[in-house]
Amino acid sequence: MPELPEVEALREFLDDHLVGKEIAKVLPVAISVLKTHDPPLAAVEGAEVTAVQRHGKFLDVTTTGGLYLVVHLARAGWLQWRDVLPSGVPRPGKGPLALRTALTGGDGFDLTEAGTTKRLAVHLVRDPADVPGVARLGPDPLADGFVRDAFAALLSGERRQIKGALRDQGLIAGIGNAYSDEILHAARMSPYKLTSKLSGDETTALYEAMRTTLRDAVERSRGLAAGRLKAEKKSGLRVHGRAGEPCPVCGDTIRDVSFHDSSLQYCPTCQTGGKPLADRRMSRLLK
């Protein structure tokens, strides 16, 4: 799933390629992709793109006329920029193409989604806050005003595993499964540790690990073409998706815990005092 660093890199890429250009057509191909009907997509035809913004994992293409094309790529969605779009109207089918945005200059972008589970979502709205997922977002972890004490205040009202807290978009916007693993590894903290058990020093370490991990990932992605961002994300991950490999810090074997729709990876030596995490259904919290 694209997370804050990749979506921020896409935002910067689109800001360079879209702003000042005019939208000719927005063409939904997958039936499930468009989540709104008022205003209609025809309302954005002829509009000029004035900005591209990010809200957590949401992309927001801002246009003249007070309309916002808001995109959430979900787990398997992606954006493909095309300097020259194929001619003709794309037809629904079994392929990954979900929506095409054509510009008057002949260029534009496709939104694609792999797999059979379709969660990619596009909204055309008059205010980004009209999108429920945007309206419920917590603060952006890279915002200038998101200081350590603000982070501590958010966690102070929580009593759950820190891995789940970091992934909660209503608490903190933009962090998903991969970067929560990376942040916890950098902070040398068990994913099962309770937020209510964090000391002041541990809260500080977690805050600094979060900011550093995300900033470094954004910097690695900056300036890359959209098609190269997935490979960059994978190459920059230290523990996520690397079960069975040696930890780059201590050399211990990275382990994983699997759930019904996801998994987490961690280093026992760096994060859990050398103790492997127990089976997902029987795990007791590790300090």
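Predicted, not measured: the structure shown is a model, and the values here were computed from it.
- Here the CG atom belonging to L10 is positioned 10.0 Å from the CZ atom belonging to F109, to the nearest 0.5 angstrom.
- Hydrophobic clustering of Ile, Leu, Val, Met, Phe, Trp and Tyr side chains at less than 4.5 Å, counting indirect connections, unites L142 with I175.
- A salt bridge is absent between K197 and E202; no separation between the charged side-chain nitrogens and carboxylate oxygens falls under 4.0 Å.
- Taking the charged nitrogens against the carboxylate oxygens, R54 and D140 do have a contact shorter than 4.0 Å, which makes a salt bridge.
- Side-chain atoms of P92 and I31, non-hydrogen and from C-beta on, never get closer than 4.5 Å to each other.
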Original post:
Can L194 and R159 be said to form a side chain to side chain contact (heavy atoms under 4.5 Å, CB included), step by step?
Top reply: CA-CA 6 Å; L194 285 178; R159 183 178 172 80; 4.2 Å; yes
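- Atom NZ of K275 sits about 8.0 Å away from atom OG1 of T272, to the nearest 0.5 Å.
- Between E45 and K25 a salt bridge is recorded (basic side-chain N to carboxylate O distance below 4.0 Å).
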**OP:** Could you give me the CA-CA distance, side-chain angles and deciding distance for R82 and D107, then say whether salt bridge (Lys or Arg N to Asp or Glu O under 4.0 Å) is met?
**Re:** CA-CA 6 Å; R82 296 180 179 272; D107 50 353; over 6 Å; no
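- Atom NZ of K21 has more than 12 heavy atoms from other residues, nucleotides or ligands within 6.0 Å.
- Contact of the L79 side chain with the D110 side chain is not registered, since no non-hydrogen atoms from C-beta on lie closer than 4.5 Å.
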**OP:** Begin with the C-alpha distance, continue with both residues' side-chain angles, and end with the deciding distance and a verdict on side chain to side chain contact (heavy atoms under 4.5 Å, CB included) for Q271 and M189.
**Re:** CA-CA 5 Å; Q271 295 176 253; M189 192 172 295; 5.7 Å; no
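- Note on V52: it clusters hydrophobically with V122, by side-chain heavy-atom contacts below 4.5 Å among ILVMFWY residues.
- Nearest heavy atoms, L18 versus V49: O-CB, 3.5 Å.
- Side-chain contact check for L264 versus L277: some heavy-atom pair is nearer than 4.5 Å.
- Using a 4.5 Å heavy-atom threshold, the side chains of W81 and H17 count as touching.
- Clustering ILVMFWY residues whenever any of their side-chain heavy atoms sit less than 4.5 angstrom apart, transitively, puts L111 in the very cluster that holds L124.
- Separation of atoms CD (E208) and CZ (R211) is listed at 10.5 Å; rounding is to 0.5 Å.
- Using a 4.5 Å heavy-atom threshold, the side chains of L154 and P139 count as touching.
- Between P39 and R126 the shortest side-chain heavy-atom distance falls below 4.5 Å.
- The shortest heavy-atom contact between G56 and A173 is CA-CB, 3.8 Å.
- Checking side-chain atoms of E113 against main-chain N and O of R119 turns up a donor-acceptor pair under 3.5 Å.
- Considering all non-hydrogen atoms of both residues, T203 and R148 come closest at CB-NH2, 3.7 Å.
- In the model, S180 has a side-chain atom that pairs as donor or acceptor with a side-chain atom of K163 under 3.5 Å.
- Atom OG1 of T195 and atom CG of L166 lie 10.0 Å apart (nearest 0.5 Å).
- Annotation for H55 and P128: closest pair NE2-CB, 3.9 Å, computed over non-hydrogen atoms.
- The side-chain contact (heavy atoms from CB on, under 4.5 Å) with L67 is formed by just one residue from the set T64, T63, L69; it is T63.
- By the 4.0 Å N-to-carboxylate-O rule, K57 lies too far from E3 to be salt-bridged with it.
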**OP:** Carefully, step by step, assess H185 and V249 under the rule side chain to side chain contact (heavy atoms under 4.5 Å, CB included).
**Re:** CA-CA 10 Å; H185 179 255; V249 174; 3.6 Å; yes
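- When all heavy atoms are compared, the tightest approach of R167 to G176 is CG-O, 3.7 Å.
- Of the N and O atoms on the side chains of E6 and Y179, at least one donor lies less than 3.5 Å from an acceptor on the other residue.
- Q265 and H240 share a side-chain donor-acceptor pair at under 3.5 Å.
- No continuous path of hydrophobic side-chain contacts links L14 to F58 [ILVMFWY only; heavy atoms under 4.5 Å].
- Enclosure of atom CZ in R242 by more than 12 non-hydrogen atoms of other residues, nucleotides or ligands within 6.0 angstrom is indicated.
- Within the structure, every pair that satisfies the ring-ring contact (aromatic ring centres under 6.0 Å, His included) test and touches residues 130-173, not counting sequence neighbours, is listed here: F151-Y207.
- Closest approach of L184 and S190 over heavy atoms only: CD2-O, 4.4 Å.
- For the salt bridge (Lys or Arg N to Asp or Glu O under 4.0 Å) test, residues two or more places apart in sequence or in another chain that qualify with D168 are R136, R160.
- Side-chain polar atoms of T62 and D60 form a donor-acceptor pair below 3.5 angstrom.
- Residues D16 and R11 are not paired through a salt bridge, judged by the lack of any N-O separation under 4.0 Å between the basic side chain and the carboxylate.
- A heavy-atom distance below 4.5 Å is found between the side chains of L198 and L206.
- Proximity of a side-chain donor or acceptor of S235 to a complementary backbone N or O of E232 within less than 3.5 Å is detected.
- With rounding to the nearest 0.5 angstrom, the SG atom of C267 is 4.5 Å from the CG atom of D252.
- Hydrophobic cluster membership is shared by F13 and L99, with clusters built from Ile, Leu, Val, Met, Phe, Trp and Tyr side chains linked at under 4.5 angstrom.
- For the atom pair D181 CG and L237 CG, the distance stands at 9.0 Å (nearest 0.5 Å).
- When atom types are taken as modelled, the side chain of S262 and the backbone of S258 share no donor-acceptor pair closer than 3.5 angstrom.
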Original post:
What do the steps show when you test H123 against D130 for side chain to side chain contact (heavy atoms under 4.5 Å, CB included), and what is the final call?
Top reply: CA-CA 9 Å; H123 307 252; D130 292 340; over 6 Å; no
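- The side-chain heavy atoms of V239 and E182, taken from C-beta on, include a pair separated by under 4.5 Å.
- No donor-acceptor distance shorter than 3.5 angstrom exists from the side chain of Q80 to the backbone of T112, with no hydrogens or angles considered.
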